[in-house]
Every structure is written in structure tokens, then in C-alpha cells.
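The block underneath contains the structure these notes are about, expressed in C-alpha cells.
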Amino acid sequence: MSAESKNMSGSSAVRTEALNVWLGGTHAVRDVTVAFAAGATSGLVGPNGAGKSTLLNCISGLVPAGSGEVYLYGDRTTGIKPHQLAILRIGRSYQGAQLVAELPAVDNVMVGDHVGLRTGLVSAALGLPGARRAERAARDRALHALERVGLSQYAQRPVKELPYGVQKRVDLARALVSDPRCILLDEPMAGLSRAEKEEVVEVLAGLRVDGGPTLVVVEHDMRVINQLCSDVVVLAAGAVLAAGPPETVLNSPEVVAAYIGRGDSRSEEQAGSE
Ligand SMILES: Nc1ncnc2c1ncn2[C@@H]1O[C@H](COP(=O)(O)OP(=O)(O)OP(=O)(O)O)[C@@H](O)[C@H]1O
């Protein structure tokens with residue numbers, strides 16, 4: 001069953017209807033109707049420039065929809081403000097680990113705790129007695145998020161001292177800290193070695209086993225998609241090319257043809273084995 005048809009019959013974490021996004025003169029997302037099932041790990045793939053990040057950015061409210069609709073857990077959220085995502089318990093990570101290099105890992109993770117931090121900051125600003133307790137609770141949540149990605153031992157280390165592969169997992173902990181029901185992950189394994197990717201795959205697979213969030217993962221490495229995802233959506237030139245189980249979709253002639261000459265998945269594969 002395709003990612004879309006499965007979601008039409010079940011519950012979708014994320015759904016778009018005839019979504020179009022223009023960036024300057026570029027028609028980056030073209031009439032995209034797609035759905036990602038609640039409780040699943042889904043892949044979003046496609047050659048460079050296919051519109052994957054733009055689709056996630058539009059779903060997250062970072063770029064406006066030219067036309068069409070976005071639904072999160074059944075609610076129409078087209079044009080949502082990015083800060084409202086946390087209230088809907090949707091997490092997001094970005095290409096590259098956007099961390100504060102000087103701060104310890106745990107402090108970087110606390111930055112992701114929008115809901116908890118807001119309460120704590122208000123208490124602190126007003127000098128309320130609960131401020132310290134709220135800060136301790138936020139720190140505990142951050143430590144727990146680091147534990148979930150296997151990084152307890154790095155909690156107090158400044159991020160600049162950590163290898164890039166570890167930084168990417170700190171970024172993942174930051175997306176996890178406010179206990180989202182769904183996380184949109186934009187290339188969580190970009191730039192990682194094969195061994196580092198396997199660690200992240202293990203962490204992500206473990207999250208789902210523990211009843212963790214729905215995951216939507218943008219990824220170029222098809223081996224990772226095959227390992228991790230129950231379904232995958234392929235974008236090409238801004239439009240949906242195919243959707244369904246990876247073993248069917250990724251071998252289909254039109255998907256193979258979309259990648260021919262681009263070398264995306266192959267070069268990632270090679271990079272991953274270095
Ligand atoms: N700020 C921008 N202004 C104009 N065009 C843009 C902008 N950002 C991206 N684009 C264009 O929009 C299209 C989709 O880009 P997008 O980054 O969403 O693709 P992608 O599939 O995420 O690519 P990659 O795998 O390389 O990250 C591309 O043609 C890109 O050149």
C-alpha cells in the first residue's frame with residue numbers, strides 16, 4: 001500500500017493536499033499530495049533540488065504555501081507560524097547541526113525545550129520560587145533526551161569538542177526534548193561516516209520501539225531508507241514521483257531513471273562506506 005493510500009485510510013501525522021511552493025522564480029513544490037502515517041518511520045527522498053527541504057519548510061511554516069493545504073494530525077495548519085509547531089508537539093531538525101559551539105550538550109538540548117523553557121523563563125523573570133525547580137526539571141528532560149540518543153556521557157562537554165557525528169545526535173536530542181509526537185528530520189545523517197550512520201539508524205529505530213515519535217526522514221542514502229522506513233515518498237523536480245514501501249518504490253524504473261546521471265544515492269553510499 002502506498003504511503004499516501006495507507007494514510008488516507010488510517011491516521012496521518014502529516015498530510016498535504018495539492019501543495020505548491022514558489023521560491024523566487026522557482027516552482028519548488030508542485031501540486032504535492034502526500035501523507036505520512038502516524039506511528040511510522042517514513043522516508044522522503046529525491047535527487048538534489050527535488051524540493052524535499054522546501055516541502056518540510058512549508059509544512060513547518062518556514063516558507064508560505066502558494067496554494068494547497070497542510071494538515072498535522074488532521075488539523076488544517078497551512079500557514080502555521082514555526083513557533084506553533086512545538087504547541088502541536090511537532091519537532092524539527094535542520095540540515096547541519098545548528099548548535100551553539102561554546103555551550104555544553106545539555107544546554108544545547110534545553111534550547112529545544114520550547115514549552116518547558118517558556119514556563120521556566122517566565123518564572124525566572126518574575127523571580128518566582130518555582131524558577132529554580134523549573135530549570136532543574138528542564139535540565140532533567142534534556143539529560144533524558146541525551147540518554148535516549150546514547151549521549152549521557154557527553155552531557156557536560158562543550159559541543160565544539162564533540163565529533164560531528166555526536167553533534168548530529170545532540171541535535172536529534174534537541175528535537176526530542178519537548179516530547180514531540182512527530183519529528184521532521186532533514187538529513188540527520190548528512191556528512192556522517194557509515195559507522196556513525198549505523199549508530200543514528202539504531203537510535204532512530206530504538207525510538208520507535210520505545211513508542212517514540214512518528215519520524216519523517218529526508219535521506220539520500222537508500223540503504224538507510226531501506227533499513228529504517230516502512231514507506232517512502234520520492235520527489236523529483238518538486239513533484240511526487242512515487243510513494244510506497246521502499247523495496248517496491250526504490251527499484252521502480254521511473255525512480256531509478258530519476259537518479260540516473262545525478263549519482264546522489266550512489267555517492268552517498270560511497271561516502272558512507274569511507
Ligand atoms: N531560497 C531559495 N530561493 C530560490 N530558489 C530556491 C531557494 N531554496 C531552494 N531553491 C530551489 O528550490 C528547489 C528545491 O530546493 P530544495 O532545497 O527544497 O531541494 P532538496 O530536495 O531539499 O535538495 P537537497 O537534497 O540538495 O537538499 C531547487 O531548485 C532549489 O534550487
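Numbers here simply count residues along the sequence, with the first being 1. Every number for a ligand or one of its atoms is a count from 1 in the order of the listing. On a predicted model such as this, the values are computed, not experimentally measured, just so you know.
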Out of all atoms in ligand 1, which are within 4.0 Å of some heavy atom of E187? Include the element for each.
25 (O), 27 (O)
Evaluate whether atom NE2 of H27 has more than 12 neighbouring non-hydrogen atoms of other residues, nucleotides or ligands under 6.0 angstrom away.
yes
Who pairs with D179 by salt bridge (Lys or Arg N to Asp or Glu O under 4.0 Å), at least two apart in sequence or on another chain?
R89
Tell me whether G46 has any N or O atom under 3.5 angstrom from an N or O of ligand 1.
no
On a heavy-atom basis, the closest approach of P64 and V21 is O-CG1, 3.7 Å
List ligand 1 atoms under 4.0 Å from H220, heavy atoms only on the residue side.
25 (O)
Option nearest atom 4 (C) of ligand 1 (shortest heavy-atom distance, choices L44, L23, L235):
L23
Check: of L55, V21, N48, min heavy-atom distance to atom 26 (O) of ligand 1 comes from N48
Hey, looking at atom 29 (O) of ligand 1, which of V45, T26, T54 has the closest heavy atom?
T26
Identify the two heavy atoms, one from L56 and one from D186, that lie closest to each other, and give their separation to 0.1 Å.
CD1-CB, 4.1 Å
I'd like a table of donor-acceptor pairs (distance under 3.5 Å, sequence neighbours excluded) in which one partner is a side-chain atom from residues 245-255, with atom names and distances.
unit_1: N251; atom_1: ND2; unit_2: E247; atom_2: O; d: 2.9
unit_1: S252; atom_1: OG; unit_2: V249; atom_2: O; d: 3.0

Can you measure from CG (L146) to CG (L151) and round to the nearest 0.5 angstrom?
6.0 Å
Given A236, G49, G25, G238, which one has a non-hydrogen atom that is nearest to atom 14 (C) of ligand 1?
G49
If you measure every N/O of G24 against every N/O of ligand 1, is any gap under 3.5 Å?
no
Please report the interatomic distance CE(M189) to CD(E199), rounded to the nearest 0.5 Å.
11.5 Å
Atoms of ligand 1, numbered as shown, that sit under 4.0 Å from any heavy atom of A50
19 (O), 20 (P), 21 (O)
For ligand 1 and A28, I'd like to know whether there is a polar contact (N/O to N/O, distance under 3.5 Å).
no
